[in-house]
Asks: 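Got a structure for you, written out below as structure tokens; questions coming shortly.
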Amino acid sequence: DMIETYDGFIVDDPDIVRKTADFLASQDLDDIRRRSRTAAARVHADYDWKTCLKLAEQALVRTRDGSFPDPVQAIA
């Protein structure tokens, strides 16, 4: 999901180093830098402390008031 949501490239076994080097060599350096800056800004916005704390607080409130589904019951 991180790759789809932000950016990146998955390298599978075997020969990870060669595949990574080939991928990087096939890219435009300025484009890689631009894409990494864009992805970094989006990741920071989505996962900064304030956002994470807000989401954790919402989950705790939903768990406490019963509006968050019980994972044990969801499996049953």
Asks: For residues Thr38 and Arg35, determine if any side-chain heavy atom of one lies less than 4.5 Å from a side-chain heavy atom of the other.
Replies: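 In short, these two side chains do not touch, never coming nearer than 4.5 Å.
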Asks: State, to 0.1 Å, how close Lys19 and Asp13 come at their nearest heavy-atom pair, and which atoms those are.
Replies: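 Where Lys19 meets Asp13 most closely, the heavy atoms are NZ-O, 4.2 Å.
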Asks: Honestly curious: do Met2 and Val11 fall in one hydrophobic cluster under the side-chain, below-4.5 Å linking rule?
Replies: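 They do not share one cluster, since no chain of ILVMFWY contacts under 4.5 Å joins Met2 to Val11.
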Asks: May I ask you to decide whether Asp31 forms a salt bridge with Arg34, counting only side-chain N to carboxylate O separations under 4.0 Å?
Replies: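 Between Arg34 and Asp31 there is a salt bridge, with a charged N closer than 4.0 Å to a carboxylate O.
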Asks: Contact between Arg42 and Thr5 at the side-chain level, heavy atoms closer than 4.5 Å - yes or no?
Replies: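 The answer is yes; the side chains approach within 4.5 Å.
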Asks: How long is the straight-line distance from CZ of Arg18 back to CZ of Phe23, given to the nearest 0.5 Å?
Replies: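 Atom-to-atom, Phe23:CZ and Arg18:CZ are 14.0 Å apart.
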Asks: I need the minimum non-hydrogen distance between Tyr47 and Cys52, along with the two atoms involved.
Replies: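 For Tyr47 and Cys52, the tightest heavy-atom pair comes out as O-SG, 3.5 Å.
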Asks: Please report the shortest heavy-atom distance between Asp7 and Ala39, naming the atom on each side.
Replies: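 So the two residues come closest at CB-CB, 4.2 Å.
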Asks: Give the minimum heavy-atom separation between Ile10 and Ile3, together with the two atoms involved.
Replies: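 Looks like CD1-CG1, 3.6 Å.
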